[in-house]
Amino acid sequence: MSTIHVGGIVVFGTRCKTLEEAFAKAFQGDEIVLHKNIFLNTNIPLKNGVILKGNGHTITTNKKQYGFIAIGIQAEIEDLTIKVSKQSAAIYAENSNLQLEHVKISYAKSNYNAREKFNVIQMVDKKKPTFETGLGLYDCTIEPSILINYVVKVQIVSSAIGSYTAKMSGIRAEQIISQNNEYINIFLNGKQTFSEGDTSHGNLMFMSFARITHLLGKIDLEEQKVTNKELRSYVEVQNTDNALLNRTCLVRFNKFKGQVIDLQFSVGALGSLADNFSLLEIMGNSDLTIKDSVLPEGRALFYQGNLALENTQDELDWEYSPTETTVANRNSTSKLFNASQNQQQSAIEKLNTLIGQTTVKTRLKEIISTATMQNYRRINGMAKNDSDSQFSNHMVFAGDAGTGKTTFGKLVAQALYEGGVLKENKFVYAEVKDFVDKYVGATREKAHQKVMSALNGVLFIDEAYGFAEQPGSTSHNHEAIQQIITDMEANRDKLIVILAGYTRDMKEFFASDNEGLPSRFNTWIEFENYSVNELCQIMQLQLDNQGALYDEATLSILQQGVAKLSEEAKTNGRSNGNGRFVRNYVQKVLESRDTRLAENISEINNYDASRKAQLLNMIIPTDVKRAINTLHDQYQIFNS
């Protein structure tokens with residue numbers, strides 16, 4: 001290893017006049033040390049394994065050029081200030097691994113307009129590299145925006161990235177490790193993101209998966225001496241095509257999954273930001289847990305997803321969408337809980353609005369209540385906090401198709417999430433084919449992966465009797481069941497499995513099982529077929545959801561059709577008491593109506609918009625009678 005000096009008086013080592021000359025002479029393992037400030041007339045190709053030591057000096061890039069280019073290499077830059085000219089960038093890298101330590105990057109002048117400000121670090125993986133690509137920033141200050149795309153790893157430690165005048169920086173990587181940094185206008189999007197001790201001064205957005213501890217949102221424009229010009233620029237940064245991102249906030253979670261432990265906010269002078277500013281935003285169908293935190297008074301927005309508050313005192317004033325959000329209370333206080341009770345239907349409330357299945361509702365409420373109270377005792381130290389002490393809540397849903405088993409299963413998942421029993425509002429639907437592989441030895445892994453995909457939620461296996469081994473078959477169903485049982489036992493406190501299917505088939509499957517399956521599914525819930533009256537209620541609900549219009553005379557004929565066809569279906573040995581029967585009936589009625597309307601569309605077009613809308617949605621007795629006759633003929637064909 002040798003040292004190459006640029007400028008200065010050199011006693012030992014090689015001396016070069018220019019940086020270009022130094023890199024031309026350097027080999028892997030060499031160090032290049034600056035002894036003067038440099039203005040680059042052209043870009044400098046970095047070399048693999050060469051360390052550039054700025055020695056506290058400054059490099060200024062030429063306009064419309066990169067400062068350094070790295071292609072397929074690993075390199076380091078230390079103790080250097082880089083000033084970026086307009087329409088220029090400090091570093092462009094492809095398939096490389098760069099480490100920057102004590103590096104400061106800023107604009108060469110403060111009067112550049114938005115079109116003249118580029119991302120000063122641009123980094124991308126364009127093909128699969130032979131080593132770990134990425135970026136390391138240690139004790140760095142980068143005021144302009146950066147853009148890191150799809151590299152393997154980014155590690156940022158004790159650095160400051162962004163400014164009130166910079167557009168949003170973006171970092172996408174397989175893994176992001178962030179420790180004790182200060183951010184303004186940046187999103188972190190890693191398949192695995194770990195943040196500890198970071199501070200947001202505005203518009204820090206987390207995406208994908210992250211585990212975050214000790215996150216502080218802090219803003220005080222007077223203390224930070226933010227000028228009116230900087231503030232105007234800061235607000236302009238938010239003018240994106242996405243209206244939800246136009247607001248200014250301290251911390252935002254978008255398409256996020258993970259948890260934040262010890263989230264804090266400190267808010268001082270906001271100036272003109274006050275009218276359009278929020279501390280916290282949750283959007284993009286996120287799944288977020290906030291734990292062990294104290295959230296002060298201030299504005300918060302919750303657009304879409306699931307939010308669990310665990311051991312948290314929340315005083316935020318929430319604006320949120322009741323139909324797009326779910327909230328779980330885990331030993332916490334929040335105005336959001338009170339608001340959700342008034343505006344948002346809980347899972348139990350949704351359960352109560354479902355038609356029929358009175359016995360099923362009663363039994364599920366008992367199970368949900370028991371599990372919720374047991375979890376409450378655990379949180380408050382009144383019960384053991386280990387998986388061995390947890391009751392099994394696995395269930396069997398038995399009954400004909402179309403009796404609501406899947407719908408009820410989804411509400412069980414939501415209710416147990418809201419009660420803090422499950423960490424995620426997750427419902428995974430599966431069938432036997434999702435667990436069984438055709439190759440010997442592969443079924444266990446396939447089954448394991450499917451079970452793990454439902455961890456912290458509910459795994460619903462439909463037509464589960466398909467796991468039964470058939471005489472003379474060579475399937476691997478037995479192997480799949482063994483793996484499911486193993487994973488159920490290992491994750492008793494993190495998973496609920498529901499097996500569903502026809503009653504007779506499920507009974508035969510359990511009777512033939514010799515793996516202790518019945519003892520692990522000790523809750524059997526029977527779904528009965530709907531009565532004619534209940535089928536009529538379901539029919540009306542489905543018609544209303546389709547925007548259909550009808551008068552009392554037509555409704556009477558619709559109800560007569562349900563009774564007549566239900567009896568015919570029963571006579572012909574077909575299921576006559578489920579939602580699927582009603583759905584088929586409603587579909588035929590609407591098809592009959594639309595056939596009639598298509599034949600008279602020219603006449604309908606002569607009416608005004610209000611009358612036209614009424615005619616296009618109106619069902620008349622002729623439509624219903626035609627639908628009844630069509631289904632009657634089909635039953636005759638099926639029975640012949």
Side-chain angles (χ1 to χ4, degrees), residues 323-324 345 350 352-357 399-408 410-411 429 462-463 502 527-640:
T323 59
E324 298 292 330
Q345 275 193 319
K350 292 178 183 178
N352 290 332
T353 62
L354 295 178
I355 296 168
Q357 302 298 356
D400 285 346
T403 50
K405 296 187 293 295
T406 305
T407 299
F408 277 89
K410 291 178 180 178
L411 290 178
Y429 178 91
D462 203 7
E463 298 183 359
Y502 294 106
F527 285 71
E528 298 178 352
N529 286 340
Y530 295 104
S531 66
V532 171
N533 182 52
E534 291 169 342
L535 291 174
C536 288
Q537 293 180 54
I538 295 172
M539 173 199 67
Q540 281 188 260
L541 181 62
Q542 291 186 6
L543 286 171
D544 292 345
N545 289 338
Q546 293 291 330
L549 302 175
Y550 45 87
D551 57 22
E552 288 296 325
T554 304
L555 175 59
S556 177
I557 297 174
L558 282 165
Q559 293 170 337
Q560 292 172 25
V562 170
K564 178 178 184 297
L565 292 171
S566 176
E567 185 60 32
E568 282 192 18
K570 182 178 180 180
T571 302
N572 294 332
R574 300 172 60 82
S575 180
N576 69 318
N578 59 42
R580 188 174 300 173
F581 160 78
V582 175
R583 186 167 62 249
N584 290 337
Y585 177 50
V586 168
Q587 180 180 341
K588 292 301 179 186
V589 170
L590 297 181
E591 286 177 357
S592 297
R593 178 198 63 184
D594 291 344
T595 300
R596 171 180 57 81
L597 291 172
E599 296 170 353
N600 299 278
I601 192 65
S602 58
E603 180 182 344
I604 294 173
N605 284 331
N606 293 325
Y607 293 98
D608 60 29
S610 176
R611 178 57 175 162
K612 186 185 296 184
Q614 183 182 34
L615 291 172
L616 288 174
N617 288 291
M618 181 66 70
I619 297 171
I620 63 176
T622 304
D623 303 330
V624 182
K625 292 175 182 177
R626 180 185 295 178
I628 292 172
N629 290 334
T630 300
L631 288 172
H632 169 77
D633 293 342
Q634 287 184 4
Y635 288 157
Q636 297 302 315
I637 292 172
F638 289 137
N639 198 43
S640 60

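Numbers here simply count residues along the sequence, with the first being 1. We use all heavy atoms of the structure for the numbers below, so side chains are in, but hydrogens, waters and symmetry mates are not.
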Q. Sub-3.5 Å donor-acceptor pair from the side chain of Ser592 to the main-chain atoms of Lys588, do we have one?
A. yes

(Q) Nearest 0.5 angstrom please: Asn533 CG to Ile538 CD1, how far? (A) 10.0 Å

Q.
So which atom in Tyr530 and which in Ile355 form the shortest heavy-atom distance, rounded to 0.1 Å?
A. CE2-O, 3.3 Å

Q. If you measure from CG on Asn584 to OG1 on Thr630, what distance do you get to the nearest 0.5 Å?
A. 12.5 Å

Q.
Has Asp623 got a side-chain atom pairing as donor or acceptor with Ile619's backbone, closer than 3.5 angstrom?
A. no

Q: To the nearest 0.5 Å, tell me how far Tyr607 OH sits from Leu615 CG.
A: 6.0 Å

Q.
Assess, by modelled atom type and distance only, whether the side chains of Thr554 and Asp551 contain a donor and an acceptor separated by less than 3.5 Å.
A. yes

Q.
Taking the side chain as everything from C-beta on, heavy atoms only, tell me whether Ile557 gets closer than 4.5 Å to Lys625.
A. yes

Q) So, Tyr502 versus Asp400: side-chain donor-acceptor pair below 3.5 Å or not? A) no

Q) What distance do Tyr585 atom OH and Leu590 atom CG have between them, rounded to the nearest 0.5 Å? A) 10.5 Å

**Q.** Residue pair Val582 / Val562, side-chain heavy-atom distance below 4.5 Å
**A.** no

(Q) Between Arg593 and Met618 (side chain of the first, backbone of the second, donor and acceptor by atom type, cut-off under 3.5 Å), is there such a pair? (A) no

Q | Residues Glu591 and Gln587: side-chain donor-acceptor under 3.5 angstrom | A | yes

Q) What is the distance from atom CD1 of Ile601 to atom CG of Asn606, rounded to the nearest 0.5 Å? A) 10.5 Å

Q | Worked verdict on Asp544 versus Tyr550 for side-chain hydrogen bond (donor to acceptor under 3.5 Å, both in side chains) | A | CA-CA 10 Å; Asp544 292 345; Tyr550 45 87; 3.2 Å; yes

Q) With side chains defined as the heavy atoms from C-beta onward, is the minimum distance between Leu558 and Leu543 less than 4.5 Å? A) yes

Q.
Between Glu534 (side chain only) and Ser531 (backbone N and O only), is there a donor and an acceptor less than 3.5 Å apart?
A. yes

Q.
Within the structure provided, determine whether Thr595 and Arg626 are in side-chain contact (heavy-atom separation under 4.5 Å).
A. yes

Q: Compare all side-chain heavy atoms of Gln560 with those of Val624 and state whether any distance is below 4.5 angstrom.
A: no

(Q) So which atom in Leu597 and which in Leu616 form the shortest heavy-atom distance, rounded to 0.1 Å? (A) CD1-O, 3.4 Å

Q.
Ignoring hydrogens, what is the shortest heavy-atom contact between Gln546 and Asn617? Give both atom names and the distance.
A. O-OD1, 4.5 Å

Q) Side-chain contact, heavy-atom cut-off 4.5 Å: Gln537 with Leu541? A) no

Q: Keeping the roles fixed (side chain from Lys405, backbone from Phe527), state whether a donor-acceptor pair exists under 3.5 Å.
A: no

Q) Tell me, do Arg611 and Gln614 make a side-chain contact under 4.5 Å, heavy atoms counted? A) yes

